[in-house]
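Here's the structure we're looking at; comments come further down.
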Amino acid sequence: MIDDTAARERVLAAADRLFYAHGVQSVGMDAVRSEAGISLKRIYSLFPSKDDLIVAVLHRRRAQWNAGIATSAERAVTAREKVLSVFDFLDAWFRQPDFHGCAFINVFGELSAGSANVTCAVREQKDAFQRYLAELVHEAGAPEAVAAQIAILVEGAQTTAAIAGRPDAAAHARAAATTLLDAACVAWS
């Protein structure tokens with residue numbers, strides 16, 4: 001028998017794959033059980049409700065997002081380059097064969113009216129990303145409002161890439177972000 005940590009990870013990985021590919025509402029706990037190879041009783045001992053499982057999957061996704069952004073930013077030297085590296089991360093992600101858009105946007109679209117905990121997890125992730133951008137934009141010498149504008153470009157690129165099947169949405173959004181940063185830094189100085 002596997003320990004709780006390993007069982008939890010198997011359940012999270014299975015639920016993440018299924019929810020991301022098919023949506024949270026269309027995936028039942030029996031499908032998660034089958035995919036994870038963990039009994040329903042054990043799953044419910046680890047995650048008392050499907051809502052708890054969804055929130056845990058979102059926390060897992062947040063950690064993956066943060067790691068991807070950080071890895072992309074490692075190659076950047078300046079704050080401006082770190083901001084733009086977000087779009088490089090997006091470009092690589094959009095080209096993955098299993099790309100289905102932003103998990104946070106997808107889950108929010110499915111459950112926003114029905115789950116305060118899910119809504120909170122989604123908003124926490126989006127707020128944290130906004131704060132990350134605000135810090136970099138400030139370091140780059142641009143006004144704080146530019147961070148919100150760049151975040152909108154990130155969200156729009158994710159949605160466009162998913163719906164239209166256009167991975168080049170990242171490059172277009174990066175070009176727009178470059179223009180915003182350049183214009184804001186000139187006007188701000």
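Note: hydrogens, waters and symmetry copies are ignored here, and every other heavy atom, side chains too, is used.
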Is any NZ, NE, NH1 or NH2 atom of the basic residue among R42 and D4 found under 4.0 Å from an Asp or Glu carboxylate oxygen of the other? yes
Quick one: do D127 and R131 make a salt bridge, cutoff under 4.0 Å? no
Any donor-acceptor pair under 3.5 Å linking the side-chain atoms of D51 with those of S115? yes
Distance-only side-chain donor-acceptor flag, S49 / D52, under 3.5 Å: yes
With no hydrogens and no angle check, is any side-chain donor or acceptor of [X] less than 3.5 Å from a backbone partner on [Y]?
| X | Y | answer |
| --- | --- | --- |
| S72 | G68 | no |
| K82 | L133 | no |
| Q25 | E110 | yes |
| R33 | I38 | no |
| N106 | C102 | yes |
| E81 | V77 | yes |
| D168 | A171 | no |

Between [X] and [Y], is there a shared hydrophobic cluster once you connect ILVMFWY residues whose side-chain heavy atoms come closer than 4.5 Å?
| X | Y | result |
| --- | --- | --- |
| L40 | L53 | yes |
| I105 | L58 | no |
| L181 | F129 | yes |

Going by heavy atoms in the side chains, are [X] and [Y] under 4.5 Å from each other?
| X | Y | result |
| --- | --- | --- |
| I69 | Q64 | no |
| V154 | F87 | yes |
| L12 | F47 | yes |
| V137 | E144 | no |
| V107 | F19 | no |
| F108 | R123 | yes |
| T5 | E9 | no |

Compare every heavy atom of [Y] with every heavy atom of [X], then report the nearest pair and how far apart it is.
| X | Y | result |
| --- | --- | --- |
| A13 | R60 | CB-NH2, 3.6 Å |
| A31 | L18 | O-CD1, 3.5 Å |
| A173 | A157 | CB-CB, 3.8 Å |

Are the aromatic rings of F104 and W65 close, with centres under 6.0 Å apart? no
Go through E139 and R80 one step at a time and tell me if the salt bridge (Lys or Arg N to Asp or Glu O under 4.0 Å) criterion holds. CA-CA 8 Å; E139 288 176 28; R80 181 183 186 281; over 6 Å; no
Does R95, at its CZ atom, have more than 12 non-hydrogen atoms belonging to other residues, nucleotides or ligands within less than 6.0 Å? yes
Could you state the interatomic distance from CG (L153) to NE2 (H172), rounded to the nearest 0.5 Å? 12.5 Å
Residue of the set Y20, F94, W93 for which ring-ring contact (aromatic ring centres under 6.0 Å, His included) holds with H100: Y20
